[in-house]
Amino acid sequence: MSRTRTALLATLLMIAGGTGTAVAVVPADVGTATVPCTVDYKVQNQWDTGFTAAVTVTNNAAAKSSWAVKWSYAGNQKVTSGWNAKITQSGTGVTAANETYNGSLATGGSVSFGFNASYSGTNALPTTFTLDGVTCNVDDGGTDPDPDPDPSGKVDNPYAGAKVYVNPEWSAKAAAETGGSRISNQPTGVWLDRIAAINGVNGGMGLRAHLDAALAQKGSGEEVVQLVVYDLPGRDCAALASNGELGPTEIDKYKTQFIDPIAAILADSKYASLRIVTTIEIDSLPNLVTNTGSRATATPACDTMLANGNYVKGVGYALAKLGAIPNVYNYIDAGHHGWLGWDDNFAPSATLFKQAATSEGATVDDVHGFITNTANYSALKENNFTINDAVNGTSVRQSKWVDWNRYVDELSYAQAFRNQLVSVGFNSGIGMLVDTSRNGWGGTARPTGPGATTSVDTYIDGGRYDRRIHVGNWCNQSGAGLGERPQAAPAAGIDAYVWMKPPGESDGSSSAIPNDEGKGFDRMCDPTYTGNARNGNNLSGALPNAPLSGHWFSAQFQQLMTNAYPPL
């Protein structure tokens with residue numbers, strides 16, 4: 001995601017201003033063999049009160065089993081969070097030490113870590129770094145506020161240094177709930193889930209009204225608007241609750257009556273100052289991988305959509321039309337770890353996404369990133385066990401919950417899947433979003449440590465934060481809580497944690513409700529349902545008395561607040 005300009009310095013002349021831009025003077029005869037270590041320090045994103053930095057350390061000396069990098073700031077920079085290193089600060093001095101999993105540093109080997117920090121005034125770059133007490137030569141350290149700049153002028157991370165649009169319609173519903181004012185100022189996604197939503201449904205706000213409201217909220221700073229573009233033909237072929245209005249063959253209607261009008265509005269110069277993030281067609285592409293062919297989870301509807309190609313065509317067309325707009329940032333839905341984390345799903349999914357992103361005139365340059373866990377419940381980080389654990393010699397992958405998956409939470413899945421996507425041809429600068437709107441799993445049921453080591457099942461079930469009956473359960477889950485609050489650049493490779501699914505909006509009705517929204521009754525939303533192959537024939541775990549998908553569900557909203565983690 002960032003340009004690398006390595007310069008090994010014996011002497012360093014650095015001129016740093018308010019943006020942290022640096023210029024280095026390098027002797028011509030300095031080479032890597034003459035220095036014990038090198039440090040590549042880059043400010044990837046910077047805004048008025050903070051910045052995100054990436055650091056890569058290369059060891060040219062003897063191999064190490066542990067390491068610590070130190071530097072000092074000339075100003076008031078203060079590290080606030082970090083990843084892939086244990087970062088501490090005392091005064092202006094900073095120490096970054098290895099984590100348990102990345103202590104080994106071979107001769108010629110490199111290790112990378114990153115952090116967020118605050119500052120005021122100027123953000124002068126550090127001039128001296130040490131590795132285990134030995135001074136390293138450092139590259140030019142140049143700040144790269146827009147690494148690998150897109151020819152269209154798009155920034156690297158649209159969330160960095162920006163406010164995010166608070167939907168006044170959702171905010172009013174949240175504030176009307178007892179205790180809801182604690183979160184009613186949080187940004188959430190605006191769902192364009194049918195053609196009528198473009199102009200507004202039942203007197204509600206349409207797309208232009210939301211964009212106008214975003215301009216009003218923006219003021220003089222940057223503002224992100226989050227849209228969910230969600231109306232493919234034969235939409236969500238494996239879940240009746242989210243079926244859409246368009247039939248399997250209505251690809252032309254999708255293009256001309258849904259995508260084209262949205263693109264025309266987003267391209268209006270009036271909205272050019274907004275950063276518009278689009279979540280492209282959740283659920284549908286993953287269904288082509290897991291719910292087709294000879295699999296036990298296959299459905300005739302998904303087989304149809306695989307055969308006619310309209311999911312691939314529709315996503316490609318949306319990417320091409322929306323990606324051509326300079327201030328639109330497309331993020332494709334990438335399922336979640338409990339859907340695509342298995343070996344036979346992981347790589348094929350990335351390949352299918354590449355196919356969609358290069359169809360109907362689209363290219364990988366139209367994809368700014370991917371989003372995982374949209375409208376789902378998978379825990380962000382399971383701290384009480386890892387995929388590498390074993391109990392009495394048995395791998396946790398053999399537990400009923402993990403069931404041979406290679407990932408146990410969303411953060412590890414999102415970061416690994418990003419690498420897989422790059423390996424099949426997506427740009428190395430893609431970023432990931434994780435929907436944390438309902439994956440906190442706090443409250444009294446949250447475990448405080450690992451489970452008993454009687455078996456792999458007691459170990460996992462006693463320690464997992466995610467309290468669902470089965471990882472395949474997705475509808476109005478009992479016991480769920482709000483997750484991490486929306487924030488930019490929270491971890492390596494992650495552009496933001498977002499609340500793309502507005503908390504309090506139902507996933508589907510718990511009994512059949514006649515409607516004109518194209519939404520069917522899915523038994524996975526019925527708390528009495530005993531399941532199917534996709535959830536291991538377990539109970540659905542759904543809350544009772546739920547309304548249609550997208551409609552306000554007060555009981556769920558209250559539960560999400562009660563079980564929020566971090567707590568409200």
Side-chain angles (χ1 to χ4, degrees), residues 2 8-9 11-22 24 35-105 109-145 160-161 381 383 411 484-485 487-494 566:
S2 52
L8 306 176
L9 308 184
T11 60
L12 174 69
L13 172 62
M14 188 170 288
I15 305 168
T19 63
T21 301
V35 297
C37 48
T38 62
V39 174
D40 178 8
Y41 176 104
K42 281 195 221 21
V43 176
Q44 292 184 311
N45 296 292
Q46 183 167 300
W47 54 100
D48 290 345
T49 60
F51 63 97
T52 301
V55 181
T56 298
V57 182
T58 300
N59 173 38
N60 295 320
K64 299 175 179 292
S65 59
S66 64
W67 51 265
V69 179
K70 295 185 178 182
W71 69 89
S72 294
Y73 286 115
N76 60 2
Q77 296 94 329
K78 180 68 176 177
V79 175
T80 56
S81 63
W83 47 90
N84 292 340
K86 297 173 182 175
I87 303 178
T88 57
Q89 183 167 355
S90 177
T92 60
V94 179
T95 300
N98 63 276
E99 296 279 10
T100 55
Y101 55 81
N102 63 358
S104 297
L105 190 53
S110 298
V111 65
S112 298
F113 58 91
F115 59 91
N116 293 324
S118 63
Y119 80 100
S120 61
T122 59
N123 183 21
L125 301 170
T127 59
T128 303
F129 294 82
T130 63
L131 174 62
D132 296 337
V134 177
T135 301
C136 298
N137 291 328
V138 65
D139 82 342
D140 64 344
T143 298
D144 205 352
K381 183 73 175 74
N383 292 320
L411 183 56
E484 290 284 344
R485 313 308 178 249
Q487 55 184 293
I494 309 297

Exercise. Rounded to the nearest 0.5 Å, what's the gap from CG on Asn98 to NZ on Lys64? Could you check?
Key: 11.0 Å
Practice problem: For Gln77 and Asn123, work out which heavy atoms get closest and say how close. | Solution: NE2-OD1, 3.0 Å
Quiz item: Hey, mind stepping through Asn59 and Trp67 against side-chain contact (heavy atoms from CB on, under 4.5 Å) and telling me if it holds?
Solution: CA-CA 10 Å; Asn59 173 38; Trp67 51 265; over 6 Å; no
Quiz item: Just how far is it from atom CG of Leu125 to atom CH2 of Trp71, taken to the nearest 0.5 Å?
Solution: 12.0 Å
Quiz item: Is the backbone of Ala489 close enough, under 3.5 Å, to the side chain of Gln487 for a donor and an acceptor to pair up by distance?
Solution: no
Quiz item: Minimum heavy-atom separation for Cys136 to Val39, with atom names?
Solution: CB-CG2, 3.9 Å
Quiz item: Do Leu131 and Pro36 come within less than 4.5 Å of each other through their side chains, counting heavy atoms only?
Solution: no
Quiz prompt | Closest non-hydrogen atom pair between Thr92 and Gly75, with its separation | solution = CG2-O, 4.0 Å
Self-check item: Residues that Lys70 engages under salt bridge (Lys or Arg N to Asp or Glu O under 4.0 Å), provided they are two or more places apart
Solution: none
Quiz item: Got a second to check how far Asn76's CG is from Thr122's OG1, nearest 0.5 Å?
Solution: 8.0 Å
Quiz item: Does some side-chain heavy atom of Pro126 sit less than 4.5 Å from a side-chain heavy atom of Tyr73?
Solution: yes
Quiz item: How far apart are the C-alpha atoms of Phe113 and Glu99, what are their side-chain angles, what is the distance that settles it, and do they pass the side-chain contact (heavy atoms from CB on, under 4.5 Å) test?
Solution: CA-CA 10 Å; Phe113 58 91; Glu99 296 279 10; over 6 Å; no
Self-check item: Atom of Ala491, atom of Leu411 and distance for their closest heavy-atom approach
Solution: CB-CD1, 4.0 Å
Quiz item: Only one of Thr56, Asn84, Asn102 forms a side-chain hydrogen bond (donor to acceptor under 3.5 Å, both in side chains) with Ser112, so which one is it?
Solution: Thr56
Quiz item: How far apart are the closest heavy atoms of Val111 and Leu105, and which atoms are they?
Solution: N-CD1, 4.0 Å
Quiz item: Would you say the side-chain atoms of Asp40 pair up with the backbone N or O of Val55, donor to acceptor, closer than 3.5 Å?
Solution: no
Quiz item: Roughly how far apart are Thr52 OG1 and Phe115 CZ, rounded to 0.5 Å?
Solution: 9.0 Å
Quiz prompt | Whether Tyr41 and Phe129 hold their rings parallel, tilted or perpendicular, with breakpoints at 30° and 60° | solution = tilted
Quiz prompt | Distance-minimising heavy-atom pair for Thr58 and Ser110 | solution = OG1-OG, 2.7 Å
